[in-house]
Amino acid sequence: MNPIDTLTQLFEKFPGIGPRQARRFVQYLLVSGQGTRLEIAEVIKNLGTETSQCKRCYRWFVGKSGTCTICSNPARDLSLLFVVEKDADIEPVERSGFKGLYFVLGGTIPLASEDTQKYIRERELLKRAETESATIKEIILGLSATTEGDHTRELLAERLRASGIKISALGRGLSTGTELEYADPDTISQALGNRH
Ligand SMILES: [Zn+2]
């Protein structure tokens, strides 16, 4: 197969990227010149060797220390655990001024499915709730205001009940259909204030 088609197919595997956008990316690389292509290739190569997944919250970070800068920061509030769908959700929550810790689920559960472990890190979350039940006072299920987000939140709230920890959801402020990733810090701060 020729490199143009191969690269187009690789880009099509990226989330949210269709064939037309994939071709535009390849076109961009073709006209950018060898310097840019080598720079991108080098950064991609180093992505694997210079980063790791946090053993505690499961987000990706630069470093090899086992836990990320948020999880290893002694100034964070250990009593609050904010559960997010994906890494990108953490940034707007950080900007809203949240000082607790995080847990990255890795996705949401499709409506028809109850086989939760296939889509999210449910076992890992339940284990953390169990082992830290003396420290964690509240678990905030900060899922998107979408039907899958609602479904996931309901299932998790049910399964976390045995931990005895208070379970809450983000309050009004996040409009229906909004993904946390795209919410502005003020909205998140308001939704956190109104959590129930
Ligand atoms: Zn972490």
Side-chain angles (χ1 to χ4, degrees), residues 53-61 66-196:
Q53 195 170 23
C54 178
K55 288 182 169 58
R56 206 153 172 230
C57 70
Y58 293 94
R59 79 181 180 115
W60 289 93
F61 70 104
T67 50
C68 73
T69 46
I70 295 177
C71 290
S72 54
N73 180 354
R76 305 292 300 208
D77 182 353
L78 306 179
S79 70
L80 288 176
L81 186 66
F82 198 114
V83 176
V84 293
E85 287 167 29
K86 53 191 184 303
D87 286 31
D89 294 340
I90 292 179
E91 202 202 315
V93 181
E94 279 293 281
R95 282 192 280 124
S96 82
F98 180 72
K99 294 286 175 243
L101 295 178
Y102 297 95
F103 184 91
V104 181
L105 275 181
T108 49
I109 307 160
L111 288 185
S113 178
E114 297 222 344
D115 179 13
T116 50
Q117 189 62 33
K118 190 176 158 193
Y119 300 98
I120 62 168
R121 296 185 189 99
E122 186 198 347
R123 205 180 303 128
E124 293 84 345
L125 177 61
L126 293 181
K127 188 170 169 241
R128 181 155 176 193
E130 195 190 314
T131 55
E132 294 180 31
S133 62
T135 343
I136 303 173
K137 298 277 171 270
E138 183 180 348
I139 296 176
I140 304 158
L141 298 176
L143 289 121
S144 295
T146 57
T147 42
E148 279 200 6
D150 290 342
H151 176 61
T152 307
R153 184 168 46 249
E154 281 161 21
L155 277 175
L156 281 180
E158 178 73 34
R159 289 169 195 192
L160 281 164
R161 197 184 292 164
S163 69
I165 300 169
K166 181 186 176 191
I167 310 295
S168 62
L170 291 177
R172 281 155 67 93
L174 275 190
S175 51
T176 308
T178 304
E179 287 193 43
L180 205 62
E181 182 184 354
Y182 306 112
D184 65 87
D186 285 346
T187 306
I188 294 177
S189 169
Q190 205 182 344
L192 261 171
N194 294 329
R195 68 184 187 269
H196 50 81

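- Arg161 has its side chain out of reach of Ile167: every pair of non-hydrogen atoms, C-beta onward, lies at least 4.5 Å apart.
- Taking each heavy atom of Arg153 and Ala169 in turn, the nearest pair found is CD-CB, 3.5 Å.
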Residues Glu85, Ser144; criterion side chain to side chain contact (heavy atoms under 4.5 Å, CB included); working and verdict: CA-CA 8 Å; Glu85 287 167 29; Ser144 295; 3.0 Å; yes
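- To the nearest 0.5 Å, atoms CG (Leu143) and NE2 (His151) are separated by 11.5 Å.
- Taking all atoms of both residues into account, the shortest heavy-atom contact from Thr67 to Ser72 is OG1-CB, 3.7 Å.
- Not a single donor-acceptor pair under 3.5 Å links the side chain of Asn73 to the backbone N or O of Ile70.
- Between Ser163 and Ala129 the shortest heavy-atom distance is CB-CB, 4.1 Å.
- Across all non-hydrogen atoms, the minimal contact from Arg128 to Arg56 is NH1-O, 3.0 Å.
- Between Leu78 and Ile136 there is no side-chain heavy-atom pair separated by less than 4.5 Å.
- Using a 4.0 Å cut-off between charged side-chain N and carboxylate O, Glu91 and Arg95 make a salt bridge.
- Considering OG1 of Thr152 and CG of Leu111, their distance stands at 8.0 Å, rounded to 0.5 Å.
- With Arg121 contributing its side chain and Val104 its backbone, the two residues share a donor-acceptor pair below 3.5 Å.
- Side-chain contact check for Thr108 versus Thr146: every heavy-atom pair is 4.5 Å or farther apart.
- If you check the side chains of Glu138 and Ser168, you find a donor sitting under 3.5 Å from an acceptor.
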Carefully, step by step, assess Leu156 and Ile139 under the rule side chain to side chain contact (heavy atoms under 4.5 Å, CB included). CA-CA 10 Å; Leu156 281 180; Ile139 296 176; over 6 Å; no
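- Pairing each heavy atom of Phe61 with each of Gln53, the nearest pair is CE2-C, 4.0 Å.
- Under the 4.5 Å side-chain criterion, counting only non-hydrogen atoms from C-beta, Leu80 is not in contact with Lys99.
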Begin from the C-alpha positions of Leu81 and Ile165 and carry the test side chain to side chain contact (heavy atoms under 4.5 Å, CB included) through to its verdict. CA-CA 10 Å; Leu81 186 66; Ile165 300 169; over 6 Å; no
Step by step, work out the side chain to side chain contact (heavy atoms under 4.5 Å, CB included) result for Leu170 and Leu180. CA-CA 10 Å; Leu170 291 177; Leu180 205 62; 3.8 Å; yes
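- For the pair Ile109 and Ser113, the tightest heavy-atom approach, listed with the atom from each and the gap, is CG2-O, 3.4 Å.
- Atom OH of Tyr58 sits about 12.5 Å away from atom CD1 of Ile120, to the nearest 0.5 Å.
- Residues Phe98 and Ile188 have side chains not in contact (no heavy-atom distance under 4.5 Å, counting atoms from C-beta outward).
- Ring orientation note: the planes of Phe82 and Tyr102 are tilted relative to one another, at an angle of 30° to 60°.
- The closest donor-acceptor contact from the side chain of Arg195 to the backbone of Gly171 lies at 3.5 Å or more, if one exists at all.
- Summarising the geometry, atom CD belonging to Glu132 is positioned 7.5 Å from atom CG belonging to Leu101; distances are rounded to the nearest 0.5 Å.
- No donor-acceptor pair under 3.5 Å is formed between the side chain of Ser189 and the backbone N or O of Pro185.
- Here the CG atom belonging to Leu126 is positioned 9.0 Å from the CD atom belonging to Glu124, to the nearest 0.5 angstrom.
- Salt bridge status for Arg159 with Glu130: absent, with no side-chain N to carboxylate O gap under 4.0 Å.
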